[in-house]
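One structure below.
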Amino acid sequence: MTAQELAGGRPEASAPRTGRRGPARRTGTELSRGQAVLRGVVLTIGAIVFLFPFYYMVIGSLQTEPDTTVAGAFPNPANLTGENYVAINSRINLLSGLVNSGIFTGGVLLCTVVFGVLAGYSLAVLQWRGRGVTFALALLVQVVPFQLLLIPLYVLIARNYGLADNYLGMILPFAINSTAVIIFRQYFLQVPKELFDAARIDGAGELRLLWRVALPLVRPALVTVVLLTFIGPWNEFLWPFLITKEASMQPLAVSLANYISNVASSTANPFGATLAGAVVLAAPVVILFIVFQRYFIATDIGSGVKG
Amino acid sequence: MSNSTADLAGSRPSRAGQADAAPRPRGGRVGSPGGGYKHPLNIRIFGRNPLGWLFSAPYLVFVIAIFAYPLGFAVYMSFYDYFFAAPGAQVNRPFVGLDNYAQVFTDPDVLQSFGNVGVFLVINVPLTVVLSLVLASALNAVVHFRAFLRVSYYVPYVTASVAVVGVWLFLFSSHGLVNQILGPLAPHPSWLSNEVLAMPVIALFVTWKQLGFYILLYLAALQNVPKELYESAATDGAGKVRSFFSVTVPGVRPATVLVLLLSTVIGANLFTEPYLLTGGGGPNGASASPVLVMYQQGIEQGHPGYAAAIGIVLVVFVLIIAFLQNRFAGGRD
């Protein structure tokens with residue numbers, strides 16, 4: 001699969017570029033030493049620009065006194081403390097924020113995986129009227145801008161259905177990730193038709209077929225979808241911010257944002273406490289992402305967005 | 001005349017539903033009165049696997065309830081003086097025609113926010129396209145540290161805006177690290193409280209935050225550029241730079257159109273960054289985005305009809321921009 005190739009560093013594609021053997025071959029496609037150095041410099045500067053704020057987030061969250069000088073960007077044993085984590089926890093309950101974020105994200109993941117697999121399977125494998133329209137809808141839905149839905153969804157869910165300060169109200173607008181439906185469809189399409197036919201002749205029902213034959217074959221898609229779907233609700237701010245006014249129901253992103261915009265100025269070391277909260281909010285996603293990064297692959301997600 | 005087919009159909013009714021390879025009966029027989037071959041009713045309505053319909057039903061219900069119905073509701077609301085009432089209460093919400101839309105084009109706050117998002121897009125979109133294509137090409141060719149570089153580019157994209165906003169506030173505060181390094185060159189007033197600089201800083205922040213996702217899209221597109229094109233370009237004497245512009249750039253054009261579209265749509269959705277980085281669109285509304293104004297008008301001040309009209313005007317603008325981008329960047333080949 002192309003996905004594996006990309007993740008595995010594509011040895012066959014990159015081998016000729018290192019080109020020690022056969023100096024006359026493909027000289028034109030090789031980089032000169034200067035160009036290779038330039039490329040390395042560009043990539044390294046890029047990596048520093050992307051990573052430095054995260055490094056600085058951790059350093060800043062551990063400083064007793066905010067030190068904004070250049071020297072402050074390096075750890076200073078005399079200025080290290082865990083106090084900021086205690087301070088932020090006394091203002092916003094980190095644990096309940098994490099639990100709320102977890103329930104919100106878990107609900108979305110559950111709906112997306114269950115209903116997304118069903119929809120993806122029926123779009124890829126089953127013949128039924130309306131299949132093409134449903135697939136077109138799944139593509140179309142991805143370009144509907146959320147700002148258009150923001151106000152009517154708020155009126156419907158928070159006002160008419162009374163689901164403000166409610167997990168269901170938080171989950172509903174994100175319940176089934178359309179990108180996930182399309183990724184599942186893409187993977188089910190790659191499963192050979194003969195496998196399904198053979199199982200049908202053996203008398204397996206469609207649900208059994210899906211559970212026993214199709215699902216085990218698309219396990220990588222499951223991981224990709226879980227990763228991709230996880231970052232949506234975990235990081236989402238606007239919607240839960242609109243719909244939760246009660247502090248005990250707020251996901252961590254919302255309570256941290258409220259802390260930044262309202263109470264930060266009344267704290268001894270507002271930056272330290274804010275950054276400590278930011279580390280707690282960022283850590284689960286970043287760790288999850290680093291562990292499973294090989295599933296977060298261009299070709300899968302690219303096909304999910306483009307269709 | 002239809003006996004044989006009727007027998008055939010009757011003898012194996014259970015196969016009718018899955019006779020993929022079997023020849024389908026001709027149209028003439030279907031209508032014959034003598035009980036000729038007919039698909040069972042459910043198959044004619046739902047197709048050969050009615051289960052497919054059932055499996056997709058939850059998703060279809062979701063799309064209708066969360067996308068289709070609210071979309072129609074937004075349009076409806078924008079023509080009314082809509083206001084909040086207790087659930088179930090009978091209230092009379094007057095029809096106001098195009099009044100809400102007229103107000104959108106005369107409200108200075110709204111016009112300013114549209115101007116702001118224009119500044120944002122002018123900085124954010126070209127920067128996103130150029131940087132993500134350059135970094136993706138460099139990343140695509142690299143051999144060592146590939147996984148490390150990929151992860152470091154994607155990390156801002158997978159992290160919550162709220163979390164990284166905290167660091168940017170720290171970096172760009174008036175005594176922050178950026179100003180410490182700039183020393184006497186630091187702007188006054190500082191970045192985020194400077195009317196001219198607030199929006200560009202937000203645009204830079206969003207570019208930085210989203211770039212990983214667009215690098216991902218370009219990496220996928222680069223796999224589809226045929227290697228032979230680079231070889232023949234080299235044979236024709238093209239250097240690295242020349243072949244980047246003559247092979248890579250045209251080769252990834254579909255991805256460029258997609259990146260343009262997505263970065264414009266996501267940019268027009270801007271809310272979290274002005275709300276948190278500049279304390280609600282300050283200074284003096286210089287960084288207020290249309291969605292922020294929608295939030296203030298629709299929810300804080302209770303004019304959802306007006307806010308819906310702002311949203312619709314915004315989306316119409318985005319559609320026009322997307323159409324123009326597609327026209328000029330998409331090519332007609």
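Both backbone and side-chain heavy atoms feed into the values below; hydrogens, waters and symmetry mates do not. Small disclaimer: the values here were computed from a predicted structure and weren't measured. Here is how names work: the chains are called A, B, and so on, in the same order as the sequence lines, proteins then strands, and each is numbered from 1.
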Ring-face cation contact, B/Phe83 with B/Arg93, 6.0 Å cut, 45° max: yes

Any pair counted as side chain to side chain donor-acceptor pair (under 3.5 Å), so long as it reaches residues 60-77 of chain B, sequence neighbours left out: none

Region of B/Leu149 that comes under 4.5 Å of a non-hydrogen atom in chain A: side chain

Any side-chain heavy-atom pair of A/Glu236 and A/Leu238 under 4.5 Å: yes

Best-contacting candidate, B/Val291, B/Val75, B/Ile266, B/Val151, against chain A by heavy atom pairs under 4.5 angstrom: B/Val151

Among the listed options B/Gly176, B/Ala68, B/Gly298, the residue most often paired with chain A at heavy-atom distances under 4.5 Å: B/Gly176

A/Phe146 versus chain B, the contacting section by heavy-atom distance below 4.5 Å: both

Going by atom type alone, with no hydrogens or angles, which donor-acceptor pairs under 3.5 Å involve a side-chain atom of residues 156-167 of chain B and a protein atom two or more places apart or on another chain?
| residue | atom | partner | partner atom | Å |
| --- | --- | --- | --- | --- |
| B/Thr159 | OG1 | B/Val155 | O | 2.7 |
| B/Ser161 | OG | B/Glu273 | OE2 | 2.7 |

Within-4.5 Å side-chain heavy-atom neighbours: A/Leu210 and A/Leu118: yes

Geometric class of the A/Tyr121/B/Phe55 ring pair [parallel <30°, tilted 30-60°, perpendicular >60°]: tilted

Part of B/Tyr218 lying under 4.5 Å from any heavy atom of chain A: neither

Option that, when pairs with chain B are counted at under 4.5 Å, heavy atom only, ranks first among A/Leu140, A/Leu207, A/Ile151, A/Val279: A/Ile151

B/Ser173 versus chain A, the contacting section by heavy-atom distance below 4.5 Å: side chain

Among B/Asn179, B/Val265, B/Ile181, B/Thr272, residue most engaged with chain A (heavy-atom pairs, under 4.5 Å): B/Thr272

CE-CG distance between A/Met57 and B/Leu171, expressed to the nearest 0.5 angstrom: 10.0 Å

Most chain A-contacting option - heavy-atom pairs closer than 4.5 Å, from B/Trp208, B/Phe67, B/Phe145, B/Phe271: B/Trp208

Chain B contact via A/Phe54 - which portion, at a heavy-atom distance below 4.5 Å: side chain

Check: A/Phe115 ring centre within less than 6.0 Å of B/Tyr59 ring centre: no

Portion of B/Ile312 that has a non-hydrogen atom of chain A nearer than 4.5 angstrom: both

A/Leu150 portion near chain B, given a 4.5 angstrom heavy-atom threshold: side chain

Ring centers of B/Tyr306, B/Tyr82 separated by less than 6.0 Å: no

Close side-chain approach of B/Leu169 to A/Thr274, heavy-atom, < 4.5 Å: no

Option in A/Val42, A/Val155, A/Val70 with maximal non-hydrogen atom pairs under 4.5 Å from chain B: A/Val155

Under 4.5 Å from any heavy atom of chain B - which part of A/Ala138: both

Any donor-acceptor N/O pair, A/Tyr55 side chain to A/Ala73 backbone, under 3.5 Å: yes

Note, B/Leu211 side chain near A/Phe50 side chain (heavy atom, < 4.5 Å): yes

N/O donor-acceptor pair under 3.5 Å between A/Ser261 side chain and B/Leu276 backbone: no

Which portion of A/Leu242 sits near chain B, non-hydrogen atoms under 4.5 angstrom: side chain

Contact leader toward chain A among B/Ser152, B/Gly279, B/Gly311, where contacts are heavy-atom pairs under 4.5 Å: B/Ser152

Toward chain A, the part of B/Met77 with a non-hydrogen atom under 4.5 Å: side chain

Pick from A/Leu281, A/Ile176, A/Val286 with the largest number of heavy-atom pairs that fall under 4.5 Å of chain B: A/Ile176

Heavy-atom pairs under 4.5 Å with chain A, option from B/Tyr153, B/Phe148, B/Phe73 with the top count: B/Tyr153

Partner chain B: residue of A/Gly277, A/Ala282, A/Pro173 with the largest heavy-atom pair count (under 4.5 Å): A/Pro173

Contact class of B/Leu261 relative to chain A, heavy atoms under 4.5 angstrom: side chain

Proximity breakdown for B/Leu314 and chain A, heavy-atom pairs closer than 4.5 Å: side chain

B/Gln180 side chain vs B/His175 backbone, donor-acceptor pair below 3.5 Å: yes

Segment of B/Ala136 engaging chain A (4.5 angstrom heavy-atom cut-off): neither

Residue part contacting chain B, namely of A/Val114, when any heavy atom lies under 4.5 Å: neither

